[in-house]
S.K.: 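Below is a structure I'd like to ask you about.
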Amino acid sequence: MSREQLLRVLRHLDGRTKISDLSHLVDLDADRLHAIIEPAVTMGLVDDLSTPDARSGLAALSRLEDLLNRLVDELVFRGPFWRAVTERPESLHHNVYYGFGLENWFFLYQETFFDGPLVSHPTSAALRAMLQEFYYEEHRHDDIVLRAFVPLGIGKNDLQRARPLPTTTALINLLSWWSRTDPLFFMATIGILEGRLDVDGAGEDEPVYDSFLEACGRAGVREDFVQPIRAHAKVNASHDHGAVSRELFAEVPGVDRETEQRWHGKAHLFVETYAAFFNGVLDYYSRPDRPLLRPVGIE
Ligand SMILES: [Fe+2]
Ligand SMILES: [Fe+2]
């Protein structure tokens, strides 16, 4: 085939020419035409002139957030853990508060499993830059929370030899999987994971209001445990990480309807797993005869 013939074929791939007419127009047999067109279609070089059924990134996110927020209210905040913490904090054994801190530490310690893959996000330099900044801001937040366990006689070595609850591991593994296989959906969850527990963003010197911290106060949980947890909440609020998903999605040009539908299905699984993370803390740590740390090792 000559260069001119190939160019003629490419010029006709504008969405207006039928394949059946093309053979005649460019004077090539059907087999040769298919050899040119099929790879071009696969690579997205052929326009079919149809209007894409898609909405802007922010519009798709706001619909998804509606659903996520509704599910979080229903399954997380009306679930056993948060109801107990907000309605009857005095009745909870202090191990529940310590356990919440510990399971949060496991989550933060392994946060690189799901934040890490995004640092090399390939499709957009703008997104990649924002994701890198988020990664650096989150880096080593586990060390802030770690100080809470000093008064309990628990150090980093002890934690590294212990295992999280299965419900904590499930959340970590699910997020790690999505961060690798559906990074945009994972980015949509950041706003929920980072934002919903800070009810008011606090100013420089104001204490950060957080339902858990308030419950600690009402239950008389020791201040040397609470202080590092408060410090971490304050760092989070100062970075305004509750807004990260929106900042990211402002850079997403469009989301097609099928993708949105898939995300809405995943939203249920995400919030169910997130609720199980909290409720798992109440289930396990309510029983004071159970050890705070569950060591991994040969017995
Ligand atoms: Fe953090
Ligand atoms: Fe954060």
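Residue numbers run from 1 in the order of the sequence given.
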S.K.: Report yes if the side chains of V119 and R128 come closer than 4.5 Å at any heavy-atom pair, otherwise no.
M.R.: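 Contact flag for V119/R128 side chains = no.
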S.K.: Tell me, yes or no, whether the heavy-atom count around R290 atom CZ, taken from other residues, nucleotides or ligands under 6.0 Å, exceeds 12.
M.R.: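 Enclosed: over 12 neighbouring heavy atoms sit under 6.0 Å from CZ of R290.
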S.K.: Assess the side chains of N173 and S176: does a donor N or O sit below 3.5 Å from an acceptor N or O?
M.R.: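 S176 and N173 do not have a side-chain donor-acceptor pair below 3.5 Å.
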S.K.: Measure centre to centre between the rings of F81 and F100, then say whether the value is under 6.0 Å.
M.R.: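 Yes, the ring of F81 comes within the 6.0 Å limit of the ring of F100, centre to centre.
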S.K.: Between Y98 and F225, does a ring pair (Phe, Tyr, Trp, His ring centres under 6.0 Å) hold up when you go through it step by step?
M.R.: CA-CA 8 Å; Y98 302 149; F225 166 80; 4.9 Å; yes
S.K.: What about L171 and W177, same hydrophobic cluster or not, with Ile/Leu/Val/Met/Phe/Trp/Tyr joined at side-chain heavy-atom distances under 4.5 Å?
M.R.: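 In one cluster with L171: W177, yes.
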S.K.: Is the distance from the ring center of F212 to that of F278 below 6.0 Å?
M.R.: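 They do not qualify: ring centres at least 6.0 Å apart.
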S.K.: Any salt bridge between R83 and E87, counting N to O under 4.0 Å?
M.R.: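 Salt bridge present between R83 and E87.
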S.K.: Side chains of D224 and V150: does their closest heavy-atom pair fall under 4.5 Å?
M.R.: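 Answer no - side chains too far apart.
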S.K.: Any side-chain heavy-atom pair from V85 and P89 closer than 4.5 angstrom?
M.R.: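 Not touching, per the 4.5 Å side-chain cut-off.
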S.K.: Check for a donor-acceptor pair, side chain of R180 on one end and backbone N or O of P117 on the other, with a separation under 3.5 Å.
M.R.: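 No.
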S.K.: Any non-hydrogen side-chain atom of S179 less than 4.5 Å from a side-chain atom of L118?
M.R.: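 Contact flag for S179/L118 side chains = yes.
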S.K.: How about V235 and H141: do any of their side-chain heavy atoms sit closer than 4.5 Å?
M.R.: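 Yes, their side chains come closer than 4.5 Å.
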S.K.: Between D66 and R63, does the salt bridge (charged side-chain N to carboxylate O under 4.0 Å, His left out) criterion hold? Intermediate values first, please.
M.R.: CA-CA 5 Å; D66 262 2; R63 278 160 55 107; over 6 Å; no
S.K.: Any donor-acceptor pair under 3.5 Å linking the side chain of Q5 with the backbone of S2?
M.R.: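 Confirmed, Q5 side chain pairs with S2 backbone.
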S.K.: What do the steps show when you test F107 against F114 for ring pair (Phe, Tyr, Trp, His ring centres under 6.0 Å), and what is the final call?
M.R.: CA-CA 10 Å; F107 183 84; F114 39 88; 5.2 Å; yes
S.K.: Looking at the rings of H93 and Y285, which for Trp means the six-membered one, are their centres under 6.0 Å apart?
M.R.: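 Centroid separation for H93 and Y285: 6.0 Å or greater.
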S.K.: Within a radius of less than 6.0 Å around CZ of R147, do more than 12 heavy atoms belonging to other residues, nucleotides or ligands occur?
M.R.: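 Yes - once you tally the heavy atoms of other residues, nucleotides and ligands closer than 6.0 Å, there are more than 12.
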S.K.: Applying the salt bridge (Lys or Arg N to Asp or Glu O under 4.0 Å) test to R246, which of E65, E251, E194 qualifies?
M.R.: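 Exactly one pass, corresponding to E65.
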S.K.: Is there a donor-acceptor pair closer than 3.5 Å between any side-chain N or O of S286 and the backbone N or O of D283?
M.R.: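 Such a contact is absent between S286 side chain and D283 backbone.
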S.K.: Is any side-chain heavy atom of V226 less than 4.5 Å from a side-chain heavy atom of C216?
M.R.: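 Counting from C-beta outward, V226 and C216 do come under 4.5 Å.
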S.K.: Does the pair Y284 and E103 meet the rule for a side-chain hydrogen bond (donor to acceptor under 3.5 Å, both in side chains), with working shown?
M.R.: CA-CA 11 Å; Y284 179 83; E103 297 304 320; over 6 Å; no
S.K.: Does the side-chain hydrogen bond (donor to acceptor under 3.5 Å, both in side chains) test come out yes or no for T112 and D115, once each step is laid out?
M.R.: CA-CA 5 Å; T112 43; D115 291 349; over 6 Å; no
S.K.: Just by distance, do the side chain of W105 and the backbone of D142 share a donor-acceptor pair under 3.5 Å?
M.R.: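 At least one qualifying donor-acceptor pair exists.
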S.K.: Looking at R262 and D182, is there a salt bridge between them, counting it only when a charged N and a carboxylate O are closer than 4.0 Å?
M.R.: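 Answer for the salt bridge query: yes.
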S.K.: How long is the span from the NZ atom in K234 to the CD1 atom in I144, to the nearest 0.5 Å?
M.R.: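 Taking NZ in K234 and CD1 in I144, the distance rounds to 12.5 Å.
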S.K.: Under 30°, 30 to 60°, or over 60°: which ring-plane class applies to W263 and F249, parallel, tilted or perpendicular?
M.R.: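 Perpendicular: the ring planes of W263 and F249 meet at over 60°.
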S.K.: Does a side-chain N-to-carboxylate-O contact under 4.0 Å join R230 and E223?
M.R.: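 Salt bridge: yes.
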S.K.: May I ask you to test the E133-Y136 pair for a side-chain heavy-atom distance under 4.5 Å?
M.R.: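 Result no, sub-4.5 Å side-chain heavy-atom pair not found.
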S.K.: Output yes when a side-chain donor or acceptor of S23 lies under 3.5 Å from a complementary backbone atom of S20, and no otherwise.
M.R.: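 No.
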S.K.: Counting heavy atoms not belonging to R218, are there more than 12 under 6.0 Å from its CZ?
M.R.: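 It does: R218 CZ has more than 12 such atoms within range.
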S.K.: Does Y135 share a hydrophobic cluster with M130, counting links as ILVMFWY side-chain heavy atoms below 4.5 Å and allowing steps through other members?
M.R.: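 The answer is no; the residues belong to distinct hydrophobic clusters.
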S.K.: Look at the rings of H241 and H239 and say which category their plane angle falls in: under 30° parallel, 30 to 60° tilted, over 60° perpendicular.
M.R.: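 If you compare the ring of H241 with that of H239, the planes turn out parallel.
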S.K.: Any heavy-atom pair between the side chains of V271 and L67 that's under 4.5 Å?
M.R.: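 Of all side-chain heavy-atom pairs linking V271 with L67, none is under 4.5 Å.
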S.K.: Is it true that a side-chain atom of H268 and a backbone atom of L68 form a donor plus acceptor pair closer than 3.5 Å?
M.R.: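 Pair absent, no side-chain N/O of H268 close to backbone of L68.
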S.K.: Using the ring of each side chain (for Trp, its six-membered ring), is F270 parallel, tilted or perpendicular to Y274, with breaks at 30° and 60°?
M.R.: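 Plane angle under 30°, so parallel.
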S.K.: State whether the number of non-hydrogen atoms from other residues, nucleotides or ligands found under 6.0 Å of E90 atom CD is greater than 12.
M.R.: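 Correct, the count exceeds 12.
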S.K.: Out of curiosity, does L269 fall in the hydrophobic cluster containing L193 (side-chain heavy atoms, cut-off under 4.5 Å, transitive links)?
M.R.: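 Yes; tracing contacts between hydrophobic side chains, which count when under 4.5 Å, links both residues.
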S.K.: Just by modelled atom types, is the P228 backbone N or O under 3.5 Å from a matching donor or acceptor in the H232 side chain?
M.R.: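 Flag not set: sc H232 to bb P228 has no pair under 3.5 Å.
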S.K.: What's the separation between atom CG in L282 and atom CG in L92, rounded to the nearest 0.5 Å?
M.R.: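 The distance works out to 6.5 Å.
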S.K.: Using 4.0 Å as the upper bound for N to carboxylate O, is an ion pair formed by D73 and R70?
M.R.: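 The answer is no: the pair does not qualify as a salt bridge.
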